[in-house]
Amino acid sequence: MALLRNILSTAYGPTGRLKQIHNNVGGHVLTTSTSTALLKRVDMSEPLLKMISTAVQHHTACYSDCGLFMGIFTLRLIENTQNNGLRTAAAAKVYKHLVEECNMYLKGDSCGCKVPVDFSNSDSLIALARSMIASKPACMLNSRETKHISSLIAQAFLYSIHCNSSGVSCFGRTVTIGIEGQSVSDSSVFPGLLVDVPEMLQHADLERLESGLFKVVLFSVSLSGDISEVGDVTLEIHRGVDPERDLLQQLLKLGEQVVMDKVNLFACQKVVHPILQHYLRKHGVVVIERLGLALMEPFVQLTGAQAIASLCSSVPVEAYGMVKEFCLQSCGSRELLQLLPSKDAAVSTMVLCHRNETMLEELKMTCKRAEHVLRLTLREPYALLGGGCTETLLATHITHMNCSKASTIAQALCISHSEFIMAVKAFCSSLQSVALSLEHDGQDCLIDLTYAHRWVPDIYSKTCSCGLVEDRSNLEKTPLKTAYHTFSPVSLENTDSQPRILDSFSAKLNALNVAVEMANFVLDVKYIIK
């Protein structure tokens, strides 16, 4: 557990150390600092560690953030409980009580570490996205590139929301395309869907198309004309019959129908026979083949077309879709065909560029997760203070609230006063250890004794780690590792300061609760039967 906690804590935060993972016989080397990539690639022989790893991965699959926070907090809570010699039953009761108090405080109006997300202004959305990007050092971005990518994530998020929806509506889709070897500043977000330019398509072909809505047809079945594509079935072929010639005739019959129905864009998930392609192009139809499974759903969402899975029947009228426009776009070293929706489809394409494959893959994963975190803010429009300030403030609040009425609560939980105090100390120490994990260069972490925010000694920095509290001469601070008197954190009011670093409210709240559940479960295990 100490080894896993050390791996996670040394990867935590903007200055976290990168991890290189490869197996013992060579192969692909993964460079990352994200919990999802780390835990997915690292094999564990201990069953309890596997359970903790699985719980963290399930959390990040649902919330996309705070996986390292959850892992470090879980493992620290287990270690602190064992080091203090606490009874499992007593610790579990106290931890359950404390996490309920955390929930009440974080969800309450008087919470000092929660800020509202203002959707009338993009600043808080960009700050939330920037905090996620900056916490992933394997993305290898400078401050200018981080700002640019954060703006793109906010833009893609806004594109994914339907403008004129009434009642219940679903999010749109953001398709991500990676271009290796280009500058990060070449990254961009485009409305609609970008696909690879079909072979032999020229600008002149698009210019010949009249303006207006364009009819679209989409096939999910292979149109290669190859008999092997029929599938794993037994075919009965009569003497003198050429099945491949008959298949081609059926394809051409299909082509005649779509030309008669005035289709402008013919798309297929798989391969289209060259003769059918030639026939369609001769009649002014733009052909897109090898669309791929990943683009099928956003294509359907953008065009309204129904994917046709058979070539043996005619295309029903209701299966056709529409696009408003298609044009060519240059994205770095690639040229792509842009499809624009005829209605409010809320589909966009994010083109991400980076200098090499490793950085590009980390950036793509981080951007996808950051956009998901922004979507979660629509359900709960809040963010928590980042930079470790939420952890120090929450630990100080919980310590103050419980130490003042320790005897009453201990009696209600049917445990001794000393056990209760030790459990509170273990819980709050575990929270503070997450804040301490953000520092990797040997500097002391401080806490101010007024607002309970985290500070790093720096002659250039005039604010706390999250950027909300400004430093002043009479603001008393003490090292986070030392003992200090309990106090109630003062809420910051009537300030024009805005936090620079934010964390996802939904993700951290869930991580906190699942971490306590997992710690209690692991502490309660008596036997492992293999």
Side-chain angles (χ1 to χ4, degrees), residues 1-13 16 33-36 38-39 48-60 62-84 86 88 91-92 94-103 105-106 113 135 384-399 402 422-440 445 447 452 454 465-466 480-481 503-524:
M1 283 193 183
L3 176 61
L4 178 61
R5 192 245 313 144
N6 190 46
I7 291 172
L8 299 180
S9 59
T10 53
Y12 192 49
S33 66
T34 62
S35 62
T36 307
L38 273 171
L39 296 175
L48 294 179
L49 290 186
K50 281 183 179 179
M51 291 197 67
I52 294 171
S53 172
T54 303
V56 173
Q57 289 181 69
H58 281 188
H59 163 79
T60 52
C62 294
Y63 291 90
S64 295
D65 196 17
C66 299
L68 290 174
F69 164 85
M70 178 183 159
I72 297 166
F73 183 52
T74 303
L75 294 163
R76 271 293 186 193
L77 203 53
I78 295 166
E79 285 180 296
N80 286 342
T81 306
Q82 292 176 331
N83 292 342
N84 289 329
L86 275 165
T88 299
V94 178
Y95 296 158
K96 188 177 179 182
H97 163 75
L98 295 179
V99 81
E100 285 171 358
E101 284 206 343
C102 288
N103 291 336
Y105 177 67
L106 292 172
C113 48
S135 68
L384 292 174
L385 303 178
C389 290
T390 290
E391 286 83 351
T392 53
L393 197 155
L394 190 58
T396 305
H397 170 79
I398 292 296
T399 303
N402 287 276
M422 286 169 63
V424 171
K425 184 180 177 183
F427 184 92
C428 295
S429 174
S430 301
L431 269 178
Q432 288 181 341
S433 72
V434 180
L436 287 166
S437 298
L438 286 165
E439 181 52 54
H440 304 280
C445 288
I447 181 172
R454 176 183 175 272
S465 295
C466 74
L480 199 52
K481 292 180 181 178
D503 287 333
S504 168
F505 176 80
S506 301
K508 185 152 279 189
L509 188 65
N510 187 74
L512 183 72
N513 281 270
V514 179
V516 172
E517 286 177 13
M518 280 307 301
N520 283 344
F521 177 81
V522 171
L523 288 166
D524 198 40

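Everything numeric here is computed off the predicted structure, so don't read it as measured data. Just the heavy atoms: all of them, side chains too, but no hydrogens, waters or symmetry mates, feed the values below.
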Exercise for review: Please examine the side chains of Glu101 and Ile398, heavy atoms only from C-beta on, and report whether any two atoms are closer than 4.5 Å.
Suggested key: yes

Study note, to complete from the structure: The reported gap from CG in Leu523 to CD in Glu79 (rounded to nearest 0.5 angstrom) is 11.0 Å

Check your understanding: Do Val522 and Leu49 touch side chain to side chain, with heavy atoms closer than 4.5 Å?
Key -> no

Review point. Within the side chain of Thr390, is there an N or O that forms a donor-acceptor pair under 3.5 Å with the backbone of Gly386?
Key: no

Study note, to complete from the structure: Shortest non-hydrogen pair, Leu384 vs Ser504, comes out as CD1-O, 4.4 Å

Check your understanding: Going through the checks in order, is the side chain to side chain contact (heavy atoms under 4.5 Å, CB included) test met by Leu393 and Tyr105?
Key -> CA-CA 11 Å; Leu393 197 155; Tyr105 177 67; 3.2 Å; yes

Check your understanding: What closest approach, in Å, do Cys113 and Leu106 show between heavy atoms, and which atom pair accounts for it?
Key -> SG-CD2, 3.7 Å

Review point. Any donor and acceptor pair, going by atom type alone, linking the side chain of Thr392 with main-chain N or O of Ala452 inside 3.5 Å?
Key: yes

Point to revise | Under 3.5 Å donor-acceptor, His397 side chain and Cys102 backbone | key: no

Review point. For Phe521, does the CZ atom have more than 12 heavy-atom neighbours from other residues, nucleotides or ligands under 6.0 Å away?
Key: no

Exercise for review: Would you indicate whether the side-chain heavy atoms of Tyr95 and Thr81 approach each other to under 4.5 Å?
Suggested key: yes

Check your understanding: Is there a donor-acceptor pair under 3.5 Å between the side chain of Ser465 and the backbone N or O of Arg454?
Key -> yes

Study note, to complete from the structure: One should read off an interatomic distance between Asn513 CG and Met518 CE, to the nearest 0.5 angstrom, of 14.0 Å

Check your understanding: Could you go step by step and tell me if Leu512 and Leu394 meet the side chain to side chain contact (heavy atoms under 4.5 Å, CB included) rule?
Key -> CA-CA 11 Å; Leu512 183 72; Leu394 190 58; 4.2 Å; yes

Check your understanding: Do you know which two heavy atoms are closest between Cys466 and Cys389, and how far apart they sit?
Key -> N-SG, 3.5 Å

**Study point:** Donor-acceptor pair, side chain of His59 and main chain of Thr54, under 3.5 angstrom
**Key:** no

**Study point:** Check: Ser433 side chain, Ser430 main-chain N or O, donor-acceptor pair, under 3.5 Å
**Key:** yes

Exercise for review: Give the C-alpha distance, both sets of side-chain angles, the deciding distance and a yes or no for side chain to side chain contact (heavy atoms under 4.5 Å, CB included) between His97 and Asn402.
Suggested key: CA-CA 10 Å; His97 163 75; Asn402 287 276; 3.1 Å; yes

Review point. According to the interplanar angle, ranging from 0 to 90°, do the rings of Phe427 and Phe73 count as parallel (below 30°), tilted (30 to 60°) or perpendicular (above 60°)?
Key: perpendicular

Point to revise | Interatomic distance, Leu8 atom CG to Leu3 atom CG [nearest 0.5 angstrom] | key: 9.5 Å

Check your understanding: Taking all atoms of both residues into account, what is the closest heavy-atom pair of Leu86 and Ala426, and its distance?
Key -> CD1-CB, 4.5 Å

Practice item. Specify the closest pair of heavy atoms between Val424 and Thr399, including all atoms of both residues, with the distance to one decimal. Key: CG1-CA, 4.3 Å

Check your understanding: Where do Ile78 and Ile52 land on the side chain to side chain contact (heavy atoms under 4.5 Å, CB included) test, with the steps shown first?
Key -> CA-CA 11 Å; Ile78 295 166; Ile52 294 171; 4.0 Å; yes

Practice item. Report the distance from atom CG of Leu436 to atom CG of Leu480, rounding to the nearest 0.5 Å. Key: 4.5 Å

Review point. Out of curiosity, Ile7 CD1 to Ser35 OG, how far, rounded to the nearest 0.5 Å?
Key: 13.0 Å

**Study point:** Heavy-atom pair with the smallest gap, counting every atom of Ala435 and Cys445
**Key:** O-SG, 4.3 Å

Practice item. Look at the side chain of Thr74 and the backbone N and O of Met70, then say whether any donor-acceptor pair between them is shorter than 3.5 Å. Key: yes

Review point. Should we say atom CE of Met1 is surrounded by more than 12 heavy atoms from elsewhere, each under 6.0 Å from it?
Key: yes

Point to revise | Between CG on residue Asn520 and OG1 on residue Thr88, distance to nearest 0.5 Å | key: 9.0 Å

